[in-house]
Number of protein chains: 2
Amino acid sequence: MKLDKELLKGATETVVLAVLAQEPSHGYQLVQLLKSRSKGIFGFGEGTLYPVLYRLEEKGWIKGEWEAGNGQRRRRVYRVTSRGRRQLVKRTEQWAGLARGMTLILGGPAHA
Amino acid sequence: MKLDKELLKGATETVVLAVLAQEPSHGYQLVQLLKSRSKGIFGFGEGTLYPVLYRLEEKGWIKGEWEAGNGQRRRRVYRVTSRGRRQLVKRTEQWAGLARGMTLILGGPAHA
DNA sequence: GAGCAATACCTCGTTATACAAAGTATACAT
DNA sequence: ATGTATACTTTGTATAACGAGGTATTGCTC
C-alpha cells in the first residue's frame, strides 16, 4: 500500500527529525533508514528528502556538516539541534492530537 | 492546542466522509459535528469544509440534496454514496498505515 | 581501462490542499 | 428595527510532496 501524498504532508518533517534524533545521518542514508525503520511503510525519495533537510536546516532544527572523505564519497551528515529537539516534542504532540481526533471520529460510534 | 494546517492535509476528506457516513448533514452542521465529535480537536471553518464538500460530491463520493424549507433556511444535506463508502474504507486503511508508520518511527527505539 | 551498479547530492515544475477573509441571505427573538 | 445565529459561497495565499531529470564519485568485474 502506497501512502497518499497529501496524507504525508506535515508528517514528513516530524519523522525526519525523529530519525535524525536517534541517529545522525546523511540524506541518502535517511532514505533507507526511513524505509527500514517504518518496515517499508514510508518510501520517501531523494526528491522529497533533500528539500526537507534544507528546510529544517534553514529553520535551525538540524545542522549539517560535510564529512571529510576518508575514502568515502563526500556526504553531509545532519544532526538535530537543541531547538530541533524541542520542535520534535511539539511535533510529536501535534501528531498525538491528530491521532486522537482521528480515532474519535473514525473509531468512535461508527461501529456501534 | 491548534492542529497544524499541513498535518491535516489529506485527513480532512476522511473525517468528513466518516461523519457523513454516520449522519447525513449539511455544511454548517458538519462544522459543529466535527468539533463536538472530536472533543474540540478539529476546528474546521466553513471556508475549509464547503470546498471539501464540493470536491467530494464532484468525485461522486457524497451526494447533496437541497432540503425544502419547512420554515427553515434552505440547506443542502449530504449523504455518502456507495462509492463513497468504499472510499472511506480505503482512506481509513491509509490512515491506519500512516499511524502505524508514525508509531514505528516515533515510538520505537527512541525511548530506549 | 571500459563498463556498470551503487552511492550521494541537487533542482525544477506540477499538483493538491487548508485556511482566512469577505460576502450574501434568511429566520427568529427582543 | 436591531441583532444574532443560521447557512451557503468564493477568492487568494502559502505550503508541501513528488517525479523526473541531472551531476559526480567509488569500487567491482571482465
Side-chain angles (χ1 to χ4, degrees), chain A residues 2-17 24-35 38 41-59 61 64-78 91 94 97-98 101-102, chain B residues 2-17 24-35 38 41-59 61-62 64-78 91 94 98 101-102:
Chain A
K2 168 134 165 116
L3 286 187
D4 183 317
K5 184 208 291 201
E6 292 299 327
L7 200 50
L8 286 168
K9 286 193 178 172
T12 307
E13 292 190 356
T14 305
V15 290
V16 168
L17 275 176
S25 321
H26 59 273
Y28 196 81
Q29 186 184 2
L30 202 55
V31 173
Q32 299 159 338
L33 276 180
L34 279 167
K35 184 164 187 176
S38 68
I41 291 175
F42 294 130
F44 297 106
E46 304 171 44
T48 298
L49 286 186
Y50 283 105
V52 170
L53 290 171
Y54 305 149
R55 239 155 58 203
L56 292 178
E57 185 166 31
E58 220 169 310
K59 291 175 188 165
W61 299 340
E65 272 176 44
W66 284 108
E67 209 181 56
N70 45 334
Q72 298 275 344
R73 194 163 161 4
R74 65 159 203 172
R75 34 161 88 153
R76 194 159 171 82
V77 174
Y78 292 92
R91 296 299 190 102
Q94 282 274 318
L98 174 61
M102 291 298 282
Chain B
K2 168 132 168 120
L3 287 187
D4 184 317
K5 186 208 286 204
E6 293 299 327
L7 199 52
L8 285 167
K9 286 192 179 174
T12 308
E13 290 191 356
T14 305
V15 291
V16 167
L17 275 176
S25 321
H26 58 274
Y28 197 80
Q29 187 184 0
L30 203 54
V31 174
Q32 298 159 339
L33 276 179
L34 280 167
K35 184 162 186 179
S38 69
I41 292 174
F42 295 129
F44 297 106
E46 304 171 44
T48 298
L49 286 185
Y50 282 103
V52 169
L53 290 171
Y54 306 150
R55 239 154 58 200
L56 293 178
E57 184 165 32
E58 221 169 308
K59 292 176 188 163
W61 299 341
I62 63 176
E65 272 177 44
W66 284 108
E67 210 180 56
N70 46 335
Q72 299 274 343
R73 193 155 161 11
R74 68 164 199 166
R75 34 162 89 152
R76 195 159 169 82
V77 174
Y78 292 91
R91 297 300 191 100
Q94 282 275 317
L98 173 61
M102 291 296 284

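The figures here come from the full heavy-atom set of this structure, side chains too, leaving out hydrogens, waters and symmetry mates. Sequence lines set the chain letters: A, B, ... in the order given, protein chains first and strands last, and positions in each chain run from 1.
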For [X] and [N], what is the distance between atoms [atom1] and [atom2] respectively, to the nearest whole Å?
{"X": "Asp4(A)", "N": "dA18(C)", "atom1": "CG", "atom2": "P", "value": "10 Å"}
{"X": "Tyr54(A)", "N": "dA17(D)", "atom1": "OH", "atom2": "C1'", "value": "15 Å"}
{"X": "Trp66(A)", "N": "dC10(C)", "atom1": "CH2", "atom2": "C1'", "value": "9 Å"}
{"X": "Glu67(B)", "N": "dA7(D)", "atom1": "CD", "atom2": "C1'", "value": "12 Å"}
{"X": "Leu56(B)", "N": "dT17(C)", "atom1": "CG", "atom2": "P", "value": "9 Å"}
{"X": "Leu7(A)", "N": "dA16(D)", "atom1": "CG", "atom2": "P", "value": "16 Å"}
{"X": "Leu53(A)", "N": "dA16(D)", "atom1": "CG", "atom2": "C1'", "value": "15 Å"}
{"X": "Leu8(A)", "N": "dG19(D)", "atom1": "CG", "atom2": "C1'", "value": "15 Å"}

Open item on the list: List the residues meeting ring-ring contact (aromatic ring centres under 6.0 Å, His included) with Tyr50(A), not counting sequence neighbours, and say none if there are none.
Closed with: none
Task: Residues that Tyr28(A) engages under ring-ring contact (aromatic ring centres under 6.0 Å, His included), provided they are two or more places apart - done: none
Task: Partners meeting side-chain contact (heavy atoms from CB on, under 4.5 Å) with Glu6(A) (sequence neighbours left out) - done: Asp4(A), Lys9(A), Lys9(B)
TODO: Scan Gln29(A) against the nucleic acid and name what it touches under 4.0 Å (heavy atoms): base, sugar-phosphate only, or nothing.
DONE: nothing
Open item on the list: Within the 4.0 Å heavy-atom criterion, would you say Gly47(B) contacts the bases, only the backbone, or no part of the nucleic acid?
Closed with: base
Task: Pair Glu67(A) + Arg73(A): basic N to acidic O under 4.0 Å - done: no
Open item on the list: Could you check whether Arg75(A) pairs with Glu65(A) (Lys NZ or Arg NE/NH1/NH2 to Asp/Glu carboxylate O, under 4.0 Å)?
Closed with: no
- [ ] When you get a sec, tell me which of dT10(D), dC9(C), dA17(D) is the closest nucleotide to the side chain of Val52(A)?
- [x] dA17(D)
TODO: Kindly point out which of dA16(D), dT11(C), dC8(D) is positioned nearest to the side chain of Tyr50(B)?
DONE: dC8(D)
Task: Which residue lies more 5' along DNA chain C, comparing Lys59(B) with Lys2(B) via nearest heavy atoms - done: Lys59(B)
Task: Position toward the 5' end of DNA chain C (nearest nucleotide), Glu46(A) or Lys5(B) - done: Glu46(A)
Open item on the list: On the nucleotide dA18(C), are OP1 or OP2 found under 4.0 Å from the side-chain N or O atoms that Thr48(B) carries?
Closed with: no
- [ ] Look at Arg55(B) and dA16(C) and indicate whether a side-chain polar atom (N or O) is within less than 4.0 Å of OP1 or OP2.
- [x] no
- [ ] Step through the shown structure and confirm whether more than 12 heavy atoms of other residues, nucleotides or ligands are within 6.0 Å of CD on Glu58(A).
- [x] no
Open item on the list: Heavy-atom count check: over 12 atoms from other residues, nucleotides or ligands less than 6.0 Å from Lys59(A) NZ?
Closed with: yes
Open item on the list: Heavy atoms within less than 4.0 Å of DNA chain D: which residues of residues 9-16 of chain A have one? Give them sorted by number.
Closed with: Lys9(A), Gly10(A), Thr12(A), Glu13(A)
TODO: Can you see which heavy atom on Thr48(B) is nearest to which on Val52(B), and at what distance?
DONE: O-CG2, 3.2 Å
- [ ] Test Phe42(A) against every option in Val31(A), Leu33(A), Leu8(A), Thr12(A) by the side-chain contact (heavy atoms from CB on, under 4.5 Å) rule and name the one that passes.
- [x] Leu8(A)
- [ ] Scan for salt bridge (charged side-chain N to carboxylate O under 4.0 Å, His left out) pairs involving residues 42-56 of chain B, sequence neighbours excluded, and state none if there are none.
- [x] Glu13(B)-Arg55(B)
If you restrict it to nitrogen or oxygen atoms, what contacts under 3.5 Å exist between nucleotides 2-7 of chain C and the protein, and what is each distance?
from   : atom 1 : to       : atom 2 : distance (Å)
dT7(C) : OP2    : Tyr28(A) : OH     : 3.4

